[in-house]
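First up is the structure itself, then whatever we jot down about it.
Below, chain A is the first sequence line, B the second, and so on; all start at residue 1. Because the structure is a prediction, the values reported are computed rather than measured.
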2 protein chains.
Amino acid sequence: MPTIKVEPDDIIDRLMEVFRTVGYDGATLSKLSKATGLQRASLYHRFPGGKKAMAEAVLAHAGAWLDTHVLAPLTSSGTPQARLQKMAEALDTFYVQGGKSCLLDSLSFGEGSAIFHEHIRTAFAHWIEALAALVVESTGCPTAEARRRAEDAVLSIQGALVLARGTGNTQPFQRVLKHLPSLLLPARRSPTQRSP
Amino acid sequence: MPTIKVEPDDIIDRLMEVFRTVGYDGATLSKLSKATGLQRASLYHRFPGGKKAMAEAVLAHAGAWLDTHVLAPLTSSGTPQARLQKMAEALDTFYVQGGKSCLLDSLSFGEGSAIFHEHIRTAFAHWIEALAALVVESTGCPTAEARRRAEDAVLSIQGALVLARGTGNTQPFQRVLKHLPSLLLPARRSPTQRSP
DNA sequence: GTCTATAGGAAGATAGAC
DNA sequence: GTCTATCTTCCTATAGAC
């Protein structure tokens, strides 16, 4: 146990950087090797399950991060605005001001879609449920309406990341983060009703 | 010239189905061959530039579709609501009620990101500009505000597709399409100002 | 214009030395 | 725990018959 343990989190972070940038099919062992500084065989020593196991470890790491930095703040004490603010700050860091893609998007194409579909599905579900619960608790609005707003929030974040990747413009992402409170906790008038 | 011409649009459609589902890196010649019913060599006969040329043809085809079914209706005559309705119907068809992904998303990962970035960037730009022009023309609001609303519209569509692919739930996509008029042409009150 | 056959290389994965 | 060397499979792309 006195042997120096090479931080596995560093490795995971570097693997994640590859998967979120090029997707599952694009993440070749060569790229993963280069990104981590480890030879292919060394990666197989740490992840006997190969590339699939690496992506699963990355997804698990991101899931834990979601729990800690997004879901936990949403259910903490403090005003709803403060809790959303915590989440927004965490997302801003995780997505590097909108410049990095979401694994839930990049891993849902190609071979990854079949392998990780259940994991991706539950990640979205937990995120939406936590936001909807906050909306219900804070506004007392019906659960169906709260769920719609929560879906809109998550969808806006994901869309802003797609737009940022496609255009190089991260302003929409910043704007979405900033307007999360007004989207989720509007002062009055049901957003389902629109003017004549 | 009397030789029967095998519809190239059918081929393009089948190629597009592969690229939008698995991305550029995931689109192997085997999958493209199986999807089109043509052997690899036959695909190279039609697309001497190989896989890259196939994806470019698909992207050009989608770009032409965008011009015809999205951009043209937006600049046509008729009420703004009617024009947005035309666009929404076209998008609903193109994305198969939210069940299919957008090429601008799937082709922006991995090797495709470098190859198609400029094409993707301009596609987003034209789409947003056309929507912003409609907003300015219809509401007379400042161009900066119109552009924000246009970005929000595109971003919501993209995010809804990501969410649909991740969760299997296409209701948010349907809701986004339905609420495009209220998002882009709200009756009153600037959306940048939120209540105290 | 389509096919079979194949070249040449990169993919994921493993064996075994150190 | 990391490495070099290697295996097998699959990849993109081409040659040439029909």
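- Hydrophobic cluster membership for F109(B): F109(A) (Ile, Leu, Val, Met, Phe, Trp, Tyr linked by side-chain heavy atoms under 4.5 Å, directly or transitively).
- Legend: salt bridge (charged side-chain N to carboxylate O under 4.0 Å, His left out) pairs involving residues 150-163 of chain A, not counting sequence neighbours, sorted by first then second residue: R147(A)-E151(A), E151(A)-R175(B), D152(A)-R175(B).
- Applying the ring pair (Phe, Tyr, Trp, His ring centres under 6.0 Å) test to residues at least two apart or on different chains, the pairs with a partner in residues 61-99 of chain A are W65(A)-H69(A), W65(A)-F94(A).
- Partners of T28(B) by side-chain contact (heavy atoms from CB on, under 4.5 Å), not counting sequence neighbours, listed by chain and number: S30(B), K31(B).
- If you check residues 49-57 of chain B against DNA chain D, the residues with a heavy atom closer than 4.0 Å are G50(B), K51(B), listed by number.
- The stretch residues 25-46 of chain A participates, sequence neighbours left out, in no ring pair (Phe, Tyr, Trp, His ring centres under 6.0 Å) pair at all.
- Residues in residues 74-96 of chain A take part in these salt bridge (charged side-chain N to carboxylate O under 4.0 Å, His left out) pairs, two or more places apart or across chains: R83(A)-E137(A).
- Following rounding to the nearest Å, Y24(B) (OH) and dC11(D) (C1') show an atom-to-atom distance of 12 Å.
- At the phosphate of dC3(C), OP1 or OP2 sits under 4.0 Å from a side-chain N or O atom of S42(B).
- In this structure, H45(A) atom NE2 and dG1(D) atom P are separated by 5 Å, rounded to whole Å.
- Contacts between residues 25-41 of chain A and DNA chain C, defined by a heavy-atom separation under 4.0 Å, are made by A27(A), T28(A), L29(A), S30(A), R40(A), A41(A).
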Tabulate below the donor-acceptor pairs under 3.5 Å that side-chain atoms of residues 47-56 of chain A make, not counting sequence neighbours, or state none.
from	atom 1	to	atom 2	distance (Å)
K51(A)	NZ	Y24(A)	O	2.9
K51(A)	NZ	A27(A)	O	3.1

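- Taken together through direct or relayed side-chain contacts under 4.5 Å among Ile, Leu, Val, Met, Phe, Trp and Tyr, L183(B) and V136(B) form parts of separate hydrophobic clusters.
- Close to dA13(C), at under 4.0 Å from its OP1 or OP2, lies a side-chain N or O of Y44(A).
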